[in-house]
Amino acid sequence: MPPALVGKVAHRLATRARWRLLEYAFWLAALASFFLLPNRHLILTEIAWLALFALSLDLILGYAGIISLGHAAFFGLGSYLAALLAKHGIVNEPVLALVLSGLCAAVLGFATSFLVLRGSDLTRLMVTLGVALIMREIANQIPDITGGADGLQGVVIAPILGLFQFDIFGHVAYAYCLIVLFILFLLARRVVYSPFGLSLRAVKGNPLRAASIGISVNARLVTIYTFAAFYAGIAGALLAQTTAFASLDVFSFERSADLLLVLIIGGTGYLYGGLIGAVIFKLMQDWIANLTPQYWQFWIGLVLVLIVLIGRDRIALRTGGVRLLAERITRRFAPAAAPVAVPPGEGS
Amino acid sequence: MLRIVAIALAAGTMASTGVLAQDVKVGVVLPLTGGLAPVGKQVQAGIKLYMDKNGATVAGKKIDLIIKDDAGVPDNSKRLAQELIVNDKVAIIGSGITPSAMAIGPLSTQGKTANVVTVSGTSGVINPNNPYMVRTSFTLGQQSGIIAEWAAKNGSKKVAIVQSDWAPGAEATAVFTDAFTKAGGQIVETIKVPLANPDFAPFLQRARDANPDTLFVFVPAGQAGTFAKQFAERGLDKAGIKLIGPGDIVDDNDLPGMGDAMLGVVTAGIYSVLHNSPTNKEYVAAFKKANGYRPNFISLGGYDGMHLIYEALKKTQGKTDGESLINAMKGMKWESPRGPISIDPDTRDIVQSIYIGKVEKVDGELYDVEFATFEAVKDPLKKK
């Protein structure tokens with residue numbers, strides 16, 4: 001490749017990966033929520049780990065086109081491992097336990113990724129669903145280790161880094177989840193804007209063509225699936241550590257299905273979809289469930305139907321103006337950068 | 001004019017609440033959606049009925065009831081209970097099914113908040129580690145131990161067990177096996193059935209092949225009707241095999257829809273709608289009027305839970321700290337629609353009568369008809 005071209009490509013990639021104004025705004029808002037909403041830290045904690053979990057699904061669904069109904073398998077494994085590590089005092093320090101749980105989930109992700117390579121979307125739905133069901137059944141069958149249907153009792157989580165003890169108000173938990181979410185988001189952002197991330201998009205767009213230009217499709221899919229499993233495992237471990245509890249429910253089908261809903265609400269393929277979806281889903285659920293504890297699912301269902309009917313594209317049209325404005329402002333701040341057309345769904 | 005009256009009334013209530021000091025907040029976390037919604041609804045109906053009957057003011061304080069739906073998911077329960085304790089500052093927590101109650105347990109200990117368990121039937125929910133918890137539901141051990149004793153005395157020698165494969169099922173089986181073998185009986189086969197949508201036919205065949213005289217079954221109430229049908233279809237009833245179980249399988253909520261195959265099933269339970277007492281007659285009438293369906297044994301967990309809270313508040317004269325409330329609750333005795341019950345002062349678990357009943361047709365509908373009573377039964381897993 002001629003050096004000029006290399007430079008051009010590198011430049012192009014760098015521009016694509018540039019932070020946009022709305023992204024700064026999003027994370028500033030997240031930071032502000034910690035200081036401005038001290039009474040809501042418990043639900044914000046849930047939003048944070050759900051966002052991470054959704055981000056994980058977005059990595060495979062939005063970027064590699066792998067649809068999954070069994071993402072809870074990795075979430076659940078991470079969850080149980082984190083709880084077990086703490087309960088038996090194997091690894092007391094939460095951050096280390098968190099990483100370990102994520103890595104084990106990644107190993108499971110790697111092992112099962114080969115199943116996902118086979119077949120079309122429908123097969124993948126069934127296979128992923130099957131893996132999650134198997135995991136749940138295994139956990140159910142070894143009550144001596146997992147506590148079975150009653151859940152795992154007596155988990156005590158040590159202070160984070162030996163300094164910060166989880167409190168009943170959820171302050172530490174929220175700060176912890178938010179920091180983990182942010183770090184992993186940065187990592188995911190780095191990955192999807194890298195040449196590897198671009199090649200994934202090519203695979204998603206057309207696997208045959210991707211293969212014919214020399215991208216090894218299977219290797220890419222295995223890698224991203226394993227990577228996403230790591231994220232899901234971390235999300236599960238966050239849940240276990242912030243609640244000091246794990247139950248069979250972490251593997252449940254509903255959890256995987258809700259996760260798809262979160263992504264449908266937020267939109268796939270631009271990293272923020274899962275984050276925004278998690279915020280909307282949880283707040284909506286909390287708000288409606290407070291109004292009507294018995295019938296909140298009806299209203300959620302209705303909202304979802306409306307979202308699908310109106311179509312995110314049309315919502316995106318409205319926000320398109322905002323995005324354009326943001327682009328223009330960003331350009332003014334960085335006049336040297338060449339204008340790059342952002343394909344729909346890739347901007348912030 | 002109307003507005004003036006309204007303002008006057010508002011001013012009046014404000015003044016009176018001012019005198020009454022603070023309200024007592026009671027936060028209850030129940031499954032009101034999802035697969036276990038019927039359970040939550042019965043408890044909720046029981047709680048509301050008690051408050052309608054006895055008013056919302058006790059010991060000079062107004063009871064402010066907050067009900068939250070956890071959809072039966074324990075991490076939801078935990079967060080909701082945490083919010084109730086931290087944000088709403090509830091004085092008393094009510095918890096539901098076993099995993100949820102277990103998730104909430106440590107929180108009530110941490111917050112020193114009284115916690116009334118209204119649904120769970122698992123023994124270990126009430127334990128020494130969580131000293132602020134009491135139970136107003138039942139334990140499966142109470143029922144399974146009694147039915148084992150009764151069966152051994154009434155001609156059963158060889159029993160096969162069919163059990164749904166989950167923790168309460170395992171507990172029921174363990175207690176039954178222990179009590180039945182101690183009484184000289186023999187367990188010829190223990191068969192575990194998947195919890196979700198099972199087809200019982202192959203399991204029933206296996207049970208039959210073991211040649212028992214009695215079949216002890218514990219499956220969720222919703223499946224008991226199907227089970228009994230397949231039991232009859234495969235001719236196990238004609239082979240002279242008796243069907244027995246804990247009271248859960250003749251849940252009054254589901255019984256009318258279970259079909260005639262249930263006729264003659266003998267169970268040991270804590271309650272039947274037909275329980276013969278004036279208290280119960282009044283309860284059933286009021287419950288049916290308010291909700292349009294039968295109350296079941298689950299509803300009493302809510303009703304009696306509320307009674308326990310009211311009486312404890314009377315005894316502490318409105319003091320709401322966990323310590324005082326739990327001490328007031330310990331040893332409390334009263335007449336519930338299910339019969340006489342009390343809170344064991346040592347274990348904080350419920351002590352109640354267990355009734356042997358048989359499914360019969362009364363006025364064209366299926367009912368569990370009680371015919372023998374075992375009084376003041378404690379949880380056998382805590383007797384040691």
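Keep in mind it's a predicted model, so treat the numbers as computed, not measured. FYI, side chains are in, hydrogens and waters are out, and symmetry mates aren't considered; it's all heavy atoms of this structure. In what follows, every chain begins at residue 1, and chains take the letters A, B, ... in the order their sequences are listed.
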Return yes if a side-chain donor-acceptor contact under 3.5 Å exists between N127(B) and K382(B), otherwise no. no

The interface call for N140(A) against chain B, heavy-atom contacts under 4.5 Å, is side chain

Check whether the side chains of D75(B) and T243(A) place a donor and an acceptor atom closer than 3.5 Å, and report yes or no. no

So does L263(A) get a backbone contact from the side chain of D58(A), meaning a donor-acceptor N/O pair under 3.5 Å? no

Neighbourhood of chain B inside residues 45-55 of chain A, taking heavy atoms under 4.5 Å as contact: E46(A), W49(A)

For chain B, which candidate among E254(A), R40(A), R255(A) shows the most heavy-atom pairs at distances under 4.5 Å? R255(A)

Please identify, among V250(A), L248(A), I168(A), T242(A), the residue contributing the most non-hydrogen atom pairs under 4.5 Å to chain B. I168(A)

Assign the ring pair H41(A) / H171(A) to parallel, tilted or perpendicular, where the plane angle (0 to 90°) is split at 30° and 60°. perpendicular

Measure from the side-chain N and O atoms of Q241(A) to the backbone N and O of A158(A), and report whether any donor-acceptor pair falls under 3.5 Å. no

Residue that, paired with F281(A), satisfies side chain to side chain contact (heavy atoms under 4.5 Å, CB included) out of L259(A), I265(A), D286(A): I265(A)

Need one label for K41(B): side chain, backbone, both or neither, based on atoms under 4.5 Å from any heavy atom in chain A. side chain

Can a side-chain donor-acceptor contact be found between T109(B) and N129(B) if the only test is distance below 3.5 angstrom? no

Report which part of L239(A) has an atom under 4.5 Å of a heavy atom belonging to chain B: side chain, backbone, both, or neither. side chain

Take Y176(A) and F164(A), measure what ring-ring contact (aromatic ring centres under 6.0 Å, His included) needs, and give me the verdict at the end. CA-CA 9 Å; Y176(A) 177 53; F164(A) 307 100; 9.7 Å; no

I'd like to know if the side chain of S101(A) reaches the main chain of G233(A), judged simply by a donor and an acceptor atom lying under 3.5 Å from each other, with no hydrogens or angles considered. no

Pick whichever of N290(A), N39(A), D249(A), L42(A) has the most heavy-atom pairs under 4.5 Å with chain B. L42(A)

